[in-house]
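Have a look at the structure below, then the notes.
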Amino acid sequence: MTALAKARDLVRLGVARAVGRALPFSVTFILTHRCNFRCEYCEIPERAAEEMSDAEFCAAIDELRAAGMARASFSGGEALLRRDAPRIVRHAKRAGCFTSMNTNGWRTGNVLRDMSGILDMVVLSLDGPEPVHDLVRRRPGSYARVIAAIEQARGLGMSVATITVVGPWNVERIEEIAALAGSLGVWAYFQPAHEECFDAEAGLHPALTPAVLAEVAERLERLRARGLPIGASPGFLRRLRQAPRFHDCAACNAGRYFATVMPEGWVVPCHLTSGTGQYLNGREVGFARAFFEMPHPQAGDGCAISPYVETDLIFRLDPRAIAAALRRGDGAPGRVR
């Protein structure tokens with residue numbers, strides 16, 4: 001994306017905000033709900049069903065780009081179970097979008113090399129040191145593969161971050177995970193495990209009490225003070241301390257300036273609210289219309305999903321969230337020895 005295109009996209013966003021109009025500035029495309037893992041905390045693969053073709057995803061990208069999309073992220077399930085995933089990401093890059101992908105690192109292999117120059121950022125799931133990671137992932141060797149994927153992506157010049165879903169299986173290992181991220185030279189993000197991936201009202205894992213989350217926030221702040229690459233903004237840590245009511249879903253910018261396209265074509269604010277409204281399917285009515293006519297959640301206690309919270313804070317013009325995003329965009333934080 002050229003500097004002129006970036007400026008044009010930001011001006012478009014600024015105008016939309018000034019007049020109170022929605023704009024699909026950042027869109028996550030869930031390429032599939034299928035996954036090659038069955039992790040302790042995730043039931044997404046149980047929802048695997050129909051998926052759009054690569055041509056349909058590319059058409060959605062074109063339509064949403066014309067409507068104002070500047071950032072396209074790709075996720076799953078495991079997005080790389082689709083062999084056409086690189087082709088879809090390449091299409092978004094050619095359309096002028098900043099591109100990112102979430103992956104578990106098992107199938108990266110030569111794919112990351114093929115995506116060099118078209119994938120701006122890769123986020124890899126890291127659940128703990130090797131025994132913890134492999135146990136949670138229920139796949140021996142998964143830790144070795146994700147570490148190899150991190151090193152490969154770093155070598156290709158991609159921005160790299162890890163994301164750790166925190167639960168009783170690893171809440172006592174946060175310091176080790178942060179130190180590992182520091183040694184690898186990547187940003188580390190942490191988010192509490194939700195009970196249901198598609199239902200915000202189900203709340204968090206019962207072991208993650210408000211007291212536990214407040215302690216996690218304090219520990220992350222201490223780690224950052226020690227120079228470790230904690231990606232969370234102060235606003236995210238503040239929301240952790242507000243559990244179980246993190247914030248007001250009705251005030252969230254999901255569905256206003258960022259949204260999610262599900263594998264079947266449904267356009268929703270986020271996956272946690274995907275079952276709470278009468279959403280439209282972009283294959284049937286067009287993806288721009290599905291976005292602009294999307295009903296917004298009227299109630300709810302919010303979530304602690306790190307990418308959603310950080311994105312919401314950015315669109316609220318939280319200066320420290322914006323600064324954190326700029327630091328992340330500048331590249332690797334440097335290795336901590």
Side-chain angles (χ1 to χ4, degrees), residues 35-47 75-78 102-106 123-147 161-182 186-224 226 228-232 236-247 270-272 300-310:
C35 190
N36 52 323
F37 290 171
R38 292 296 182 270
C39 299
E40 177 77 20
Y41 50 77
C42 179
E43 79 283 359
I44 287 176
E46 298 171 13
R47 297 289 188 95
S75 190
E78 171 49 46
N102 284 54
T103 176
N104 59 35
W106 185 267
V123 181
L124 290 126
S125 302
L126 181 63
D127 293 319
E130 186 168 13
V132 176
H133 184 91
D134 284 0
L135 181 64
V136 172
R137 295 272 150 180
R138 299 171 178 168
R139 180 70 67 88
S142 58
Y143 174 85
R145 291 225 191 175
V146 76
I147 297 300
T162 62
I163 190 159
T164 299
V165 178
V166 177
W169 47 85
N170 61 6
V171 70
E172 299 303 326
R173 314 298 288 270
I174 287 174
E175 286 75 10
E176 293 174 67
I177 298 167
L180 175 60
V186 299
W187 296 105
Y189 288 82
F190 298 84
Q191 68 181 41
H194 281 254
E195 273 288 87
E196 298 287 343
C197 294
F198 298 96
D199 183 6
E201 292 185 0
L204 300 184
H205 189 288
L208 299 176
T209 65
V212 169
L213 293 182
E215 182 189 7
V216 167
E218 294 295 332
R219 290 161 64 192
L220 292 175
E221 283 192 342
R222 289 197 297 269
L223 289 167
R224 179 160 50 208
R226 286 169 43 194
L228 288 165
I230 303 302
F236 177 77
L237 300 182
R238 183 171 60 250
R239 289 193 182 182
L240 285 188
R241 295 187 181 98
Q242 295 171 186
R245 182 171 174 78
F246 298 104
H247 62 116
C270 68
H271 68 274
L272 282 169
D301 292 338
C303 72
I305 301 295
S306 177
Y308 290 155
V309 173
E310 296 289 357

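If you take CZ on R145 and CD1 on I147, they are separated by 13.5 Å, rounding to the nearest 0.5 Å. Interatomic distance, NE2 of H194 versus SG of C42, reported as 12.5 Å (0.5 Å rounding). Going from atom CG of L124 over to atom CH2 of W106 covers 14.0 Å, rounded to the nearest 0.5 Å.
With sequence neighbours excluded, no residue satisfies side chain to side chain donor-acceptor pair (under 3.5 Å) with N102. In this view, T103 and E78 satisfy the side chain to side chain donor-acceptor pair (under 3.5 Å) rule, not counting sequence neighbours. For E310, there are no salt bridge (charged side-chain N to carboxylate O under 4.0 Å, His left out) partners, not counting sequence neighbours.
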Subject >> From CA spacing to verdict: ring pair (Phe, Tyr, Trp, His ring centres under 6.0 Å), H271, Y308 >> reply: CA-CA 10 Å; H271 68 274; Y308 290 155; 5.4 Å; yes

**OP:** Please step through side chain to side chain contact (heavy atoms under 4.5 Å, CB included) for the pair N104 and N36, ending with a clear verdict.
**Re:** CA-CA 9 Å; N104 59 35; N36 52 323; 3.1 Å; yes

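Of all the heavy atoms in L228 and A179, the pair that sits closest is CD2-CA, 4.0 Å. Nearest heavy atoms, I230 versus A178: CD1-CB, 3.9 Å. Scanning all heavy atoms of the two residues, the minimum distance from Y189 to S306 falls at CD2-OG, 3.5 Å. Closest of all the heavy-atom pairs between D134 and S142 is OD1-OG, 2.8 Å. Shown here for P129 and E176, the closest heavy-atom pair between the two residues is CG-OE1, 3.7 Å. In terms of heavy-atom proximity, A181 sits nearest to P229 at C-CG, 4.0 Å.
Among the candidates I177, N170, V171, the single residue satisfying the side chain to side chain contact (heavy atoms under 4.5 Å, CB included) test with F190 is I177. Screening R138, R137, R139 against E40 for a salt bridge (charged side-chain N to carboxylate O under 4.0 Å, His left out) leaves a single residue, R138. Checking each of D301, V309, L204 against F246 for a side chain to side chain contact (heavy atoms under 4.5 Å, CB included) leaves exactly one that passes, namely L204.
Inter-residue side-chain proximity for L180 and L126 is flagged as met; some heavy-atom pair is nearer than 4.5 Å. With contacts defined as side-chain heavy-atom distances shorter than 4.5 Å, the pair P192/L213 qualifies. Residues R224 and L237 are in side-chain contact: their nearest non-hydrogen atoms beyond the backbone lie under 4.5 Å apart. A heavy-atom distance below 4.5 Å is not found between the side chains of I44 and C35. The shortest distance between side-chain heavy atoms of Y41 and D127 falls below 4.5 Å. Between C303 and R239, every side-chain heavy-atom pair lies at or beyond the 4.5 Å cut-off. Considering only heavy atoms from C-beta on, Q191 comes within 4.5 Å of P307 through its side chain.
Between W169 and H205, the ring planes lie perpendicular to each other; the angle is over 60°, past the 30° to 60° tilted range.
Using modelled atom types, no side-chain atom of E175 and backbone atom of L223 make a donor-acceptor pair closer than 3.5 Å.
Salt bridge present: R241 and E221 bring a charged side-chain N and a carboxylate O closer than 4.0 Å.
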